[in-house]
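If you're wondering where the values come from, they're calculated on a predicted model, not measured in any experiment. Only heavy atoms go into these numbers, but all of them, side chains included; no hydrogens, no water, no symmetry mates. In the text below, chain A, chain B and the rest are named by the order of the sequence lines, each starting its count at 1.
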Amino acid sequence: MSANSYTIESLRRFPATLGRGIGQVMFQDNVLTGFIFLIGIFWGAYEEGIGIVAWGALVGVLASTLTGYILHLPDVRGAQGLWGFNGVLVGCAFPTFLGNTLWMWLALILCSAMTTWVRTGMDNILSRWKISSLTFPFVLSTWVFLLAARLFHGMPPVNMGTPEFALGGSEALDMTFGGLVVYWLKGISQVFLINSWVTGIFFLVALAVSNWRAAVWAAVASAVALATVIMWKGPGEDIANGLYGFSAVLTGIALGATFCNNSWKASVWTLIGIVATVFVQGATNAFFSPMGLPTLTGPFCLATWIFLLPDYKFFRPLPPKPQPAKK
Amino acid sequence: MSANSYTIESLRRFPATLGRGIGQVMFQDNVLTGFIFLIGIFWGAYEEGIGIVAWGALVGVLASTLTGYILHLPDVRGAQGLWGFNGVLVGCAFPTFLGNTLWMWLALILCSAMTTWVRTGMDNILSRWKISSLTFPFVLSTWVFLLAARLFHGMPPVNMGTPEFALGGSEALDMTFGGLVVYWLKGISQVFLINSWVTGIFFLVALAVSNWRAAVWAAVASAVALATVIMWKGPGEDIANGLYGFSAVLTGIALGATFCNNSWKASVWTLIGIVATVFVQGATNAFFSPMGLPTLTGPFCLATWIFLLPDYKFFRPLPPKPQPAKK
Amino acid sequence: MSANSYTIESLRRFPATLGRGIGQVMFQDNVLTGFIFLIGIFWGAYEEGIGIVAWGALVGVLASTLTGYILHLPDVRGAQGLWGFNGVLVGCAFPTFLGNTLWMWLALILCSAMTTWVRTGMDNILSRWKISSLTFPFVLSTWVFLLAARLFHGMPPVNMGTPEFALGGSEALDMTFGGLVVYWLKGISQVFLINSWVTGIFFLVALAVSNWRAAVWAAVASAVALATVIMWKGPGEDIANGLYGFSAVLTGIALGATFCNNSWKASVWTLIGIVATVFVQGATNAFFSPMGLPTLTGPFCLATWIFLLPDYKFFRPLPPKPQPAKK
C-alpha cells in the first residue's frame, strides 16, 4: 500500500482538512482557527451585501482540496490544509471582482483546482532555496483569470478598478482614534478580501486560538503598516479600506511567527519587513494600475521572499535545546 | 577531433537541418514536415499580400541555424533542428509587425541569431527542473525588438496594435459551420503568424506526415480553444483571426504528443491545459495592451510550464516495456 | 574568532571601503577610482543645480555599507566594496527623481540598506548559474520605491516622467562632432544618473586609473550605443541626455573587461552585447512608459545575463599559463 493511498480515515477527517485549509491562509494548521475564519468571512460578506463571496470561499477550498486527492498527492500535505488555502482565496476573489455568472463560477472552480498543481510546480522550484510558494499559486492563477476577464465578457470585471495611469488619490482620512481602529481592523480582514472591522476581530481571535504570537504579529503589522502609509501620505480611500494592511499582516505572521525565531533580532527583521511590505504594496498598486488589476497578496509574497532568501542564520528558528526550568 | 567539429557531412545535410528547424516549431524533427510548413507559410503570406513574411521566415531560420555553427555548439542539436525553430518564428514576426526597412532586416537577423544563445542560457536554467525553454527564446528576444520599435522610428511598428487600456471588443462572429471551420483552421495557421485557413490545412497535413497524434491534438486543441473562448465571450475579431488558437495548439501538441504519455490521464491533463491556455492567452493580451505588444507564443510557454513543472508521474512518457502481442 | 568578526582594522579601512563601493559600480575594486567617481558626481550634480544628488550618493553608500556590518556579513566582501555599489546608486536615484522631503530621505536610507540583503538573496539564487546579481538589487529596490512614490505623496515623483503610452519622440539631434562628443560623454556620466559631459571625462579617467581595458570598453560602448540608436532613429531627447549609453557602458565593462577573456572572440561577443543592450534599453523604456518608471540599470542587467548565461567557454577568462617571454 503506497504512501499516497487514501483510506476511510481521509474521508472521516475531510471536514477538518477543509478547516485547516482555511486556517493555513495565515499559516495556522488548526481546524478551529479555520472555522472561526469562515465565520468571519460569512459575517463580513453578508454585512457588505455580497454573501456569494463566502459561498465562493467554500467552493474554492472544496475544489482545490479535492484536486489534491484527484491528483493523488501525498495525504500528509492535504491533512495539514496545504491544498486548501490557495483555493479559499480564489473563492473569495472571484465573486469580489467579477460578475455573478455561470462562467464566473466555472472559472472559479478551474482556477481553484489549478492552484493545487501550480503550488506543486512552484515548490519544486523554490524548495532549492528553502522558501515556499506562500500564497503565490493563488495570486498567479487569479491574476490570469482576472486579466482575462477584461476581455472575456462572459465573466465581466464589474468590481475591478478601471485601468488608468497611476496618480494616487488624496482623500481625507478619519484620524480619530475610532477611525484608526476601524482601518487597523480592516487591514486584517482584507487578508480574505473582506472589508469589515468586525471580521478583523474574528480573525484576531481565530489566530489567538492557535498561536498567540501570530495574533500579536498580525495586530502589530496592521498597526505599523497603517502608521507607515499615513506618514508617507498614501491614497486615503485605499487606506480606509484596509488595502495597505493585508499584505503586511501576512508578512508579519510569516516572518514573526512562522519562519523566523523568537530572538529580538528576528523581531527587528520582521518590523523592517512589515514596513518594506507597505512600499511593495504601493509599488504593485502603481504597476498594475494601467491593467486595472488588483495586487491580491502578491506584495506579501514578494516582500517575504526578499526577507527570507538571504537565509541569514539569525532568523532561522532556534534549534531546540535542553531547557532546565524555563517557563 | 572534438565532438563539436563539423564535417562535410554537416554541410551536406544543411538543407535538411533548416527543414527540421521549421518542423521543430511544432516539435517535429522531420524534414518533410518542415518543408510542408514552409509551403503553407508561402501560400498564406502571399494570399495575405505580405509575401515578405515568408522570406523573413527563411532568413530567420538561416540566421539562427548558422549562429549555432558559428558558436560551435554540438552538431547533434543542430541536426535535430533545435537551432532553427526560434529563428523561423522571429523571421515571421518581424515583417508581420514592423515596416519593411533596412533596419528591420538587420534587426531581424540580430534577433534570430540571438535566440540561439538565449536558448542555451534558458536551457541552462530550466534543465534543473526537467523542462525546456520551448519557444520562449523567440518570444523574449522578439518582445525586446518589438517594444524597442515603439521608440525606434527606423523600424516602425506599423502593424502592431495601438497601446491602449484593455477593454475587449464584442464584434459579431460568423457562427455558421463554415465560419467556425475557418476560425478553427486559422487558429492552427497562426502558430507561424499566418492568417489563412488554407495554411491551416497545410499545417495539419505536415503534422500528420510526421506524427498523427500531433496532428490530432493540434486539431482538437484549436477546436477546444475556439469553443472555450466563444463560451466565455472573448473579443470577436481576435477569435475570427485565430488569435485564441495558436497558443492552445502548441500546448496541445506539447502536452498531448510530446512530453506526456498516451494514458487517458495524460489526455485529460492535456485538455485542461488547452482550456487553461485560453485564459492565459486572454490574460497576456490584456496585460500587454497598454504597451501595444503582441503576446507571440508566450502564453503557450507559460501554460505548458505550469502543466509540466509539477512533474506528476502519470504524465511522464511510459517506460518501454516488453510487449508480447500488443499491436 | 569567527571569520565574520570585525576588528579595529575594519574601522581603519572604512573610508577605503566606501571608496571601493563607489568604484564597484563599474566593477573596479579600487579606492582611487571610487573617489574620482565621487568627484565627478559632485561636479555634475552641482553643475546641474541638484547638489543633493551627490549628498544622496554619500548617504546611500554609507547606509548600505553599514548594513553589511550590522548584518554581520563576511568582511572580505565589504572590504571589496561589494556592499556599497548598490547603495550609492540608490542615493543618486532618489534625489534625482523624487522631491526633497524628510520622507524621501528616510526611504532612501531604507532602500539603500535593503539592497544589501536583496543582494545576498539574489546571489543565493544566481550563483547556481555562475552569474552575479550585478546592480539588480539597486534596480529592484529602487523600482519598488519609485513606483510607490506615484501613490505616496510624502515623497512626490516630481522628476519622474508622466505615465503615458509609448510613442517615441523625434527631436532633432546636434549631429556636429562637438554635439556627438557631448552625447557620448553623457552616456558615460549617466551610469551614476549624472547628465554632464565633464563628469563623463572624470569617469573615464577614474576607470583608466584602475584598468585601462575597462576605460577603453566604456568609451567604445558609449560610442557604439550612440551610433546604433541614431541609426535606428531612437528618441532624440533621450539620446542627447545620454540615456541610451549608460546601460551599454556597463555591459561593455562587464563583458569586455570583467567576465570574459581578452580573445578576439570575446571582443566580438562584447560588441554584439553592447548593440543588444541598446534594444533592451529601448524595450524597457517602452515597457515602463505606462507606469512612468525609469529603467535604471535594469537593461544592463538583463542584457548582460543574456550574454553570460550561455556560459560558452570561449568567453571565460583564459586560464593562466606559463608565458616564457611574452610582453
Asks: Does any heavy atom of chain C fall under 4.5 Å from the side chain of A:L167, the backbone, both, or neither of them?
Replies: backbone
Asks: Tell me, side chain or backbone of C:T116 under 4.5 Å from chain A's heavy atoms, or both, or neither?
Replies: backbone
Asks: In Å, rounded to the nearest 0.5 Å, how long is the span from CZ of A:F279 to CE of C:M155?
Replies: 5.0 Å
Asks: Counting only heavy atoms not in C:L102, do more than 12 sit closer than 6.0 Å to its CG atom?
Replies: yes
Asks: Distance from C:N124 atom CG to A:K130 atom NZ, nearest 0.5 Å?
Replies: 8.5 Å
Asks: Side chain, backbone, both or neither: which part of A:P235 has an atom under 4.5 Å from a heavy atom of chain C?
Replies: both
Asks: Does a side-chain heavy-atom distance below 4.5 Å link C:L71 with A:W269?
Replies: yes
Asks: Who among C:M114, C:R150, C:M122, C:M104 has the most heavy-atom pairs with chain A under 4.5 Å?
Replies: C:R150
Asks: For A:I272, which atoms come within 4.5 Å of any heavy atom of chain C: side chain, backbone, both, or neither?
Replies: side chain
Asks: So do the side chains of C:T120 and A:D311 get within less than 4.5 Å of each other, counting heavy atoms only?
Replies: no
Asks: So with a 6.0 Å cut-off around CD of C:E237, is the heavy-atom count from everything else above 12?
Replies: no
Asks: Compare every heavy atom of A:A286 with every heavy atom of C:L151, then report the nearest pair and how far apart it is.
Replies: CD1-N, 3.8 Å
Asks: Could you look at A:V278 and say if it's the side chain, the backbone, both or neither that has a heavy atom under 4.5 Å from chain C?
Replies: both
Asks: Kindly compute the distance separating CD1 (A:I131) from CD1 (C:I125), expressed to the nearest 0.5 Å.
Replies: 6.0 Å
Asks: Restricting to non-hydrogen atoms, name the atom on C:W117 and the atom on A:I306 that form the minimum distance, rounded to 0.1 Å.
Replies: CD1-O, 3.7 Å
Asks: Would you indicate whether A:W197, at its atom CH2, is surrounded by more than 12 heavy atoms from other residues, nucleotides or ligands within a distance under 6.0 Å?
Replies: no
Asks: With a 4.5 Å heavy-atom cut-off, do A:F165 and C:T162 have their side chains touching?
Replies: no
Asks: Which label fits C:F288 and A:F287: parallel for a plane angle under 30°, tilted from 30 to 60°, or perpendicular past 60°?
Replies: perpendicular
Asks: Please report the closest heavy-atom contact between A:R128 and C:R128, naming both atoms and the distance.
Replies: O-NH2, 3.1 Å
Asks: What distance do C:F152 atom CZ and A:Q281 atom CD have between them, rounded to the nearest 0.5 Å?
Replies: 8.0 Å
Asks: Could you tell me which of C:G292, C:P163, C:S141, C:A149 has the largest number of non-hydrogen atom pairs under 4.5 Å with chain A?
Replies: C:P163
Asks: Pull out the residues in residues 53-65 of chain C that come under 4.5 Å of chain A, heavy atom to heavy atom, sorted by number.
Replies: none
Asks: Quick check for you: to the nearest 0.5 Å, what is the distance between A:L309 atom CG and C:R119 atom CZ?
Replies: 14.5 Å
